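Note sheet for the following structure.
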Amino acid sequence: MKITILTIFPDFFDKFLDSSIVKRAIAKGVVSFEIVNIRDYSLDKNHRVDDHPFGGGAGLVMRLEPLVGALRAHSGKDTHKIFLGPRGKRYSQEDAIRLSWKEDILLVCGHYEGVDSRFLDYVDEEISLGDFVLTGGEIAAMAVADSVTRLLKGAISEESTKEESFDGSLLEYDQYTYPVEFEGKKVPDILFCGNHEAVKEYRRKESLRITYEKRRDLFDRAPYDRKDYEYLQELKKGKKTLSRREKDALEKGKRFVPESE
């Protein structure tokens, strides 16, 4: 995949491209990045890319010519062009998955009081991170690029992306590691029972519980089966019970805690 980012602050992305999963994905050839300075396409001798809004008002608006010039110079027929702005569709994991299927995406970072609205006719979609105001689109571009890159085959292990928050509209279950007990706070015994099916059931119920308690909006659209439904009825009554499989696993299972490496 190729990801192109149009910005007036190209240096903003130096650390991003040289860190963590993104750096490794680039090294493996999984993804390539091109950071384009919109100022290079300004028709002004001082490389100015903004001007005062017609009709008055505070702040400055990004001009159309440098934006369109940069866009056309760095996109092709199959490039999916995205403007990062507050009026766009709120970004979700489903969008990250959808974009990860594309071969070529281009992200445009707005700044100042926004862009000349006519520019939106030149992009395929507008995306927003949420209902808050950022100084510019650079942070949003990094968030989108990171979320898409990690889904590309070879970027990280496939197992790492199988059970994550927002997968199937549910938040991920709680995770634990060493020490087993700290200041009276213990790791749940079920995780040491050795019964993988019981652990899987426990984690599914925990995902339902956490989503129900923290993100009711996600919970309301999450798919669930009959067993889930039965557990949810208990949850809504304030109960938290173990299934027969979980009880058997705890009673019969050997408590095995692997040594810390």
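The shown structure was predicted, so the numbers you read here are calculated from the model rather than taken from an experiment. We number each residue from 1, following the sequence as shown.
To the nearest 0.5 Å, atom OH of residue Tyr202 and atom CG of residue Asn195 are 14.5 Å apart. Considering CG of Leu6 and CZ of Phe83, their distance stands at 11.0 Å, rounded to 0.5 Å. Note that CG of Leu99 and CD1 of Ile127 are 5.5 Å apart. Values are rounded to the nearest 0.5 Å. Here NE2 of His74 is found 11.0 Å from OG1 of Thr79. Values are rounded to the nearest 0.5 Å. The line from CG of Asp50 to CZ of Arg63 is 9.0 Å long, rounded to the nearest 0.5 Å. Interatomic distance, Glu213 CD to Arg209 CZ, rounded to the nearest 0.5 Å: 4.5 Å.
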Pair Val31, Ile3 - check side-chain contact (heavy atoms from CB on, under 4.5 Å), show working. CA-CA 7 Å; Val31 64; Ile3 299 177; 4.0 Å; yes
Please step through side-chain contact (heavy atoms from CB on, under 4.5 Å) for the pair Glu126 and Leu120, ending with a clear verdict. CA-CA 8 Å; Glu126 187 175 359; Leu120 299 180; 3.8 Å; yes
How far apart are the C-alpha atoms of Glu206 and Ile190, what are their side-chain angles, what is the distance that settles it, and do they pass the side-chain contact (heavy atoms from CB on, under 4.5 Å) test? CA-CA 12 Å; Glu206 282 298 283; Ile190 190 71; over 6 Å; no
Start with the C-alpha distance between Asn37 and His47, add both sets of side-chain angles, then the distance that settles side-chain contact (heavy atoms from CB on, under 4.5 Å), and finish with yes or no. CA-CA 10 Å; Asn37 191 341; His47 301 290; over 6 Å; no
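Leu151 and Ile5 fall into different hydrophobic clusters, where Ile, Leu, Val, Met, Phe, Trp and Tyr are joined by side-chain heavy atoms under 4.5 Å apart, directly or via other members. Both Ile35 and Phe12 sit in one connected hydrophobic cluster of ILVMFWY residues. Membership requires side-chain heavy atoms under 4.5 Å apart, directly or through other members. Note on Leu43: it does not cluster hydrophobically with Val61, by side-chain heavy-atom contacts below 4.5 Å among ILVMFWY residues. A continuous path of Ile, Leu, Val, Met, Phe, Trp and Tyr side chains, each step under 4.5 Å between heavy atoms, connects Val36 with Leu67, placing both in one hydrophobic cluster. Clustering ILVMFWY residues whenever any of their side-chain heavy atoms sit less than 4.5 angstrom apart, transitively, puts Ile21 in a cluster other than the one holding Leu17.
The environment of CG in Asp131 is sparse: at most 12 heavy-atom neighbours from other residues, nucleotides or ligands sit within 6.0 Å. Applying the 6.0 Å contact sphere to CZ of Arg48 captures more than 12 heavy atoms from other residues, nucleotides or ligands.
A distance-only check finds no donor-acceptor pair linking the side chain of Asp146 to the backbone of Ala143 [under 3.5 Å]. Between the Thr7 side chain and the Phe9 main chain, a donor and an acceptor come within less than 3.5 Å of each other. Between the side chain of Thr211 and the main chain of Leu171, a donor-acceptor pair closer than 3.5 Å is present. A donor-acceptor distance shorter than 3.5 angstrom exists from the side chain of Ser147 to the backbone of Val144, with no hydrogens or angles considered.
Of the listed residues (Ile38, Asp44, Asn46, Asp40), just one forms a side chain to side chain contact (heavy atoms under 4.5 Å, CB included) with Ser42, and that residue is Asp44. Results of the salt bridge (Lys or Arg N to Asp or Glu O under 4.0 Å) test with Glu125 over Lys81, Lys89, Arg98 single out Arg98 as the only residue that passes.
Taking both residues in full, the closest heavy atoms of Leu107 and Ala141 are given as CD1-O, 3.7 Å, listed atom of the first, atom of the second, then distance. Among all heavy-atom pairs drawn from Met1 and Val148, the shortest one is SD-CG1, 3.7 Å. Here the closest non-hydrogen pair linking Val187 and Leu191 is CG1-CD1, 3.8 Å. Shown here for Pro179 and Phe182, the closest heavy-atom pair between the two residues is CG-CB, 3.9 Å. When all heavy atoms of Leu129 and Arg90 are compared, the closest pair comes out as O-CG, 4.1 Å. Contact detail for Ala58 and Pro53: the closest heavy-atom pair is O-CG, 4.4 Å.
With a 6.0 Å cutoff to the six-membered ring centre and a 45° limit on the axis angle, Arg216 counts as a cation-pi contact of Tyr212.
Residues Cys193 and Val199 meet the side-chain proximity criterion, which asks for heavy atoms closer than 4.5 Å. For the pair Lys200/His196, no side-chain contact is recorded, criterion being any heavy-atom separation below 4.5 Å from C-beta on. Contact of the His111 side chain with the Thr135 side chain is registered, since non-hydrogen atoms from C-beta on lie closer than 4.5 Å. Inter-residue side-chain proximity for Phe16 and Glu138 is flagged as unmet; no heavy-atom pair is nearer than 4.5 Å.
Classified by interplanar angle (parallel below 30°, tilted 30° to 60°, perpendicular above 60°), the ring pair Tyr122/Phe119 is parallel.
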